Amino acid sequence: MKVLIVYDSVFGNTEKIAQVIGNAMGSQAEVNILRVGNVKQENLRGLDVLIVGSPTRAFKPTKEILNFLNGFPKNGLKGVKVAAFDTRFTMSAIEESRVLPFLVRLFGYAAKPISNRLKKKGGELIISPEGFFVEGVEGPLKEGEIERAASWAKEIVKGKK
Ligand SMILES: Cc1cc2nc3c(=O)[nH]c(=O)nc-3n(C[C@H](O)[C@H](O)[C@H](O)COP(=O)(O)O)c2cc1C
C-alpha cells in the first residue's frame, strides 16, 4: 500500500499530526510525508492512498493546500483512496469569542472542503474528515490529540485492507 501524506503547517502542529498518522500506519504501508510545497509529480504516481491535512485558517485550508488540490486534472484521483484532516481551535477557545461560534457554525473548518475537493477529483473517501485541536493559535496540540490521530490512521489502514 503506497501512501502519500501531504500537509501544510505554519507553527508545526499539523506537521506533527501528519507524522503521527504516517508512523501509525506502520509497516503495512509505504508512507511518504511531504510538505505541500515539496510535492513533485513523481510522488503522486502509483498512489493507493492520499491523505491531505491543513491548519484551518479563516475557516478554510491554506492557499497552498487549495492550489495543490485544484492542480489535479479532472478524475486525476480516480482509483485513489483519499482522506482529509485539519488542525483547529479548541471548542473552549471558540466559545470565548462572541462571534466565532456563529461563524464556525456557518463556515466550518478545513478538513471538509479538502475532502470535497479530493472527491471532486475522483478520489474515494475512505474515512470521515477529522479535526485535531491545538491550544491557542500556535499550539501545542491539545492533550490526547496525538493518540486520536494515531487511531484515525489505524482506521484508514483497516479500511484499506
Ligand atoms: C490567521 C489565522 C486564522 C485562523 N483561523 C482559524 C479558524 O477559522 N478556525 C479555527 O478553528 N482555527 C483557526 N486558526 C487556528 C489555526 O487553526 C491554528 O493556528 C493551527 O491549527 C495551527 O496549526 P499549525 O501549527 O500546523 O500551523 C487560525 C489561526 C490563524 C493564525
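As the structure is a prediction and not an experimental result, all values here were calculated from the model. All ligand and atom numbering here is 1-based and tracks the order in the structure.
Between Phe59 and Phe107, the two ring planes are tilted [angle within 30° to 60°].
In this structure, the side chain of Asn13 engages the main chain of Glu138 through a donor-acceptor pair within 3.5 Å. Side chain of Asn70 to main chain of Leu66: a donor-acceptor pair is present (N/O by atom type, distance under 3.5 Å, no hydrogens or angles).
A salt bridge links Arg148 to Glu145: at least one charged side-chain nitrogen sits closer than 4.0 Å to a carboxylate oxygen.
Pocket lining of ligand 1, defined as residues with a non-hydrogen atom under 4.0 Å away: Ser9, Val10, Phe11, Gly12, Asn13, Thr14, Pro55, Thr56, Arg57, Ala58, Phe59, Thr87, Arg88, Phe89, Tyr109, Val134, Val137.
For the pair Leu34/Ile5, no side-chain contact is recorded, criterion being any heavy-atom separation below 4.5 Å from C-beta on.
Within the structure, every pair that satisfies the side chain to side chain donor-acceptor pair (under 3.5 Å) test and touches residues 88-105, not counting sequence neighbours, is listed here: Asp86-Arg88, Thr90-Ser92.
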